[in-house]
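Quick caveat: nothing in here was measured; it's all calculated off a predicted structure.
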There are 2 protein chains.
Amino acid sequence: MSKRTTIQDIAEKAGYSKAAVSFAFNDPSKISKEAHDRILATARELGYIPDPMARNFSRGRHMALGFLLPQMLQESLQNPYTQSVIRGIGEVCQEHGYMLTLIPPLHSSVSEAVKNATVDGLMTMGFVLSGKVRSILRIRRMPVVSIDGEADDDDVHSVSIDDEKAAELQLRKVLEKGHRRIAIIALPDDAYESSSIAGRRRKGYGNALSAFSIPPESIIVSSAKATFRSGMETAGRILDASSPTCFVTMSDAVAIGVMSEIRRRGLTVGDDISVMGFDGIEDSGFPCYGLSTIAQSGEEKGIRSAELLFMMIDGKEAPSSIIIPYEYREGTTLKEVKA
Amino acid sequence: MSKRTTIQDIAEKAGYSKAAVSFAFNDPSKISKEAHDRILATARELGYIPDPMARNFSRGRHMALGFLLPQMLQESLQNPYTQSVIRGIGEVCQEHGYMLTLIPPLHSSVSEAVKNATVDGLMTMGFVLSGKVRSILRIRRMPVVSIDGEADDDDVHSVSIDDEKAAELQLRKVLEKGHRRIAIIALPDDAYESSSIAGRRRKGYGNALSAFSIPPESIIVSSAKATFRSGMETAGRILDASSPTCFVTMSDAVAIGVMSEIRRRGLTVGDDISVMGFDGIEDSGFPCYGLSTIAQSGEEKGIRSAELLFMMIDGKEAPSSIIIPYEYREGTTLKEVKA
DNA sequence: CAGCCTTACTAAACCGGTTAAGATAAGGGT
DNA sequence: ACCCTTATCTTAACCGGTTTAGTAAGGCTG
């Protein structure tokens with residue numbers, strides 16, 4: 001089995017130096033047109049393709065961004081909202097000629113994965129990095145953007161919406177429609193390790209409740225992973241034990257599961273029980289059935305995050321935090337409560 | 001700004017050679033316990049983390065598998081079936097300590113992307129690689145596994161189900177229930193470049209039809225991208241122009257869109273119009289509402305593909321083609337046609 | 001005590017490119 | 001005729017590890 005063709009082979013065969021060959025591929029202005037032609041012809045003849053890893057290594061760039069997956073690949077990719085974020089990241093990567101690497105915990109260890117990740121920058125979503133991981137990233141001088149995470153570290157830049165305000169708006173809309181028997185399905189606090197997004201939103205709910213002078217105890221609060229199935233199961237448990245007039249969820253995926261369970265019981269979403277989602281996954285190809293929700297563009301989050309990361313990689317001045325907009329999207333699943 | 005700590009720094013500080021330091025990290029049995037301890041202590045002290053790219057480069061391994069994305073990231077990741085395949089791949093990657101890299105067409109060129117991909121092996125899904133791309137892969141000696149693609153190349157191994165037989169079974173089930181006004185929504189033939197999966201399944205449909213002595217002309221055949229939205233729109237157009245008693249789709253995502261459109265028109269899925277899907281995305285967290293379908297495990301496809309790829313990477317004897325099982329899954333959306 | 005093996009370590013080649021610095025020759029200005 | 005510039009190409013260092021071959025010291029054997 002012959003060895004692969006290297007820059008050295010081309011150099012010898014074409015009668016030039018390694019450097020000349022390198023220039024021919026990267027900066028033709030540094031050599032004569034004649035040399036350029038000869039070298040490219042020789043390269044074609046020998047079937048030469050520059051080794052990307054060697055190239056990246058000597059340039060000190062990986063040409064890849066990493067998306068750190070909190071737990072298992074499973075749930076993360078399942079959520080249509082995560083998908084839209086990844087899509088946004090992917091677009092920007094493509095523009096920059098970068099690849100996108102999904103980084104699952106290596107041998108169940110995030111630290112290990114981060115140590116070995118061959119990427120120029122990292123994005124995380126919905127969870128706070130441990131001190132150990134942050135220390136590794138600092139040593140490796142690897143820029144990080146945290147999506148929906150906490151901006152409690154100078155090294156970690158963040159992209160998110162104003163979750164507290166958004167959650168407040170969400171619950172206000174529900175309260176304005178007269179609902180009082182409300183079941184909130186939050187994201188698990190410990191989802192993705194020490195997530196704090198759920199905490200920020202709970203605060204917003206508290207604000208809305210006190211604005212309406214409603215005692216927090218009157219609200220049913222539970223939590224569920226951000227999946228369709230989980231939403232369905234949780235709604236089932238709640239409906240077995242009580243009869244809320246409205247479900248408020250922190251994720252559209254959960255809301256869709258809730259709607260499915262409501263219909264399964266022969267009830268009508270909107271007329272019998274209202275449902276309020278969070279995310280606005282409308283454009284994700286996922287069926288959302290006119291869900292009333294707090295819409296935030298996952299794609300924009302992905303795009304802004306990746307752009308931010310590229311600024312940091314390029315050593316440019318980068319904002320430590322980017323807040324993107326959200327809005328209430330009127331649907332057909334939130335209706336005035338029946339008298 | 002100080003330079004990063006290298007193996008050289010550790011060697012000097014600890015009073016050993018570069019090689020000794022390398023051994024300390026990779027094969028402690030080659031050095032004394034004393035040296036091992038001293039070196040690791042020094043490494044910890046200086047905050048040393050081996051550079052993964054340099055390590056990979058000298059070892060000649062990338063420690064990453066690539067998933068080649070046909071067109072835009074968008075549609076690919078949107079399909080829950082694709083997601084389950086990726087999940088399967090991810091599991092195997094994790095076991096092997098590998099990362100999974102999503103490779104979008106670089107500057108809109110798949111060839112360019114494949115030239116620059118820093119991965120040890122490639123997986124594609126649902127499309128046939130062009131000769132140019134195959135030639136690049138041959139030069140780079142990069143193993144490829146094609147999922148649901150055509151096994152027309154010695155270099156490209158494949159994992160799929162027997163699509164022709166599966167499609168035949170799918171349509172037979174529908175015909176057995178008495179349906180004759182049938183609308184088939186196929187995958188686009190040109191989806192993912194020169195896809196051939198649609199062709200194989202069409203053949204299967206033909207077989208079923210002739211077994212029932214039904215003229216192919218009596219069947220409405222259209223095609224749609226494998227997304228929820230596309231299924232909804234296509235069903236809308238079909239229902240505007242005709243009144244099939246059953247929809248047969250090549251993808252559950254499409255089938256769910258079809259069901260959504262049927263319900264939107266005030267009709268009942270199953271009783272008024274039957275729907276038959278393909279994929280069996282039940283376990284994907286996607287709402288599938290008792291869809292009758294041809295189930296094939298996306299996760300298993302992913303797992304087998306990745307395992308196959310690892311065999312090839314390790315230079316082991318690997319089967320050129322793996323066929324995984326499928327089965328008809330009884331649901332509530334396919335019912336006996338009304339007299 | 002020579003001969004041989006084992007242990008512990010090092011020097012240097014190597015992976016395949018990039019790139020700073022230097023060499024050579026040709027061209028231009030005075 | 002001389003110096004300076006520019007164009008073109010080469011040499012060699014470099015990126016940060018891994019790994020092969022080799023050496024020196026110590027222990028064992030006969």
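- Among the heavy atoms of the strands lying under 4.0 Å from A:S32 are primed sugar atoms or P, OP1, OP2 only; no base atom is included.
- The CD1 atom of B:I31 sits 13 Å away from the C1' atom of C:dT10 (whole-angstrom rounding).
- In this model, the phosphate group of D:dT18 is approached by a side-chain N or O of B:R55 to a distance below 4.0 Å at OP1 or OP2.
- Comparing C:dT18, D:dC9, C:dG17 by their closest approach to the side chain of A:R59 singles out C:dT18.
- In terms of position along DNA chain D, the nucleotide closest to A:A35 lies nearer the 5' end than the nucleotide closest to the other residue of the pair B:A54 and A:A35.
- Taken from CG in A:N116 to CZ in A:R140, the straight-line distance is 7.5 Å, to the nearest 0.5 Å.
- No hydrogens or angles considered: a donor-acceptor pair under 3.5 Å links the side chains of A:T101 and B:T101.
- Taking the six-membered ring where tryptophan is involved, the planes of A:F310 and A:Y98 are perpendicular, since the angle between them exceeds 60° and thus also 30°.
- Stacking between A:F57 and D:dC15 is shown: the ring centroid lies under 5.5 Å from the centre of the six-membered base ring, and the planes differ by under 30°.
- The interatomic distance linking A:E12 (CD) with D:dC9 (P) rounds to 18 Å, in whole Å.
- Of the side-chain N and O atoms in B:R4, one or more sit less than 4.0 angstrom from OP1 or OP2 of D:dG17.
- B:K18 contributes no side-chain N or O that forms a donor-acceptor pair with the base of D:dG16 under 3.5 Å.
- Within the structure, every side-chain polar atom (N or O) of B:N56 is placed at least 4.0 Å from both OP1 and OP2 of D:dG17.
- Separating the CD atom of A:Q8 from the P atom of C:dG17 is a distance of 10 Å, rounded to the nearest angstrom.
- Of the N and O atoms on the side chains of A:H62 and A:N56, not one donor lies less than 3.5 Å from an acceptor on the other residue.
- Atom CG of A:N26 and atom C1' of D:dC9 are 16 Å apart (whole Å).
- The phosphate of C:dC9 has OP1 or OP2 within less than 4.0 Å of a side-chain N or O from B:Y16.
- In this structure, CD1 of A:I39 is placed 12 Å from C1' of D:dT10, rounded to the nearest angstrom.
- A:K30 places its NZ atom 7 Å from the C1' atom of C:dT19, with the value rounded to the nearest Å.
- Of the candidate nucleotides D:dG16, C:dG17, D:dT18, D:dT18 has the atom lying nearest to any side-chain atom of B:S22.
- Nearest nucleotide to the A:D51 side chain, out of C:dG17, C:dA12, D:dG17: C:dG17.
- A:Y16 has its ring centre no less than 6.0 Å from the ring centre of A:F23.
- Donor-acceptor pairing under 3.5 Å is recorded for the side chains of B:K301 and B:Y81.
- Whole-Å rounding puts the A:I7 CD1 to C:dT19 P distance at 11 Å.
- Each of C:dA11, C:dG17, D:dG17 was ranked by its minimum atom distance to the side chain of B:Y48; first place goes to D:dG17.
- Rounded to an integer number of Å, the gap from A:R140 CZ to D:dG17 P is 11 Å.
- The side chain of A:S58 places no N or O atom within less than 4.0 Å of a non-bridging phosphate oxygen (OP1 or OP2) of D:dC15.
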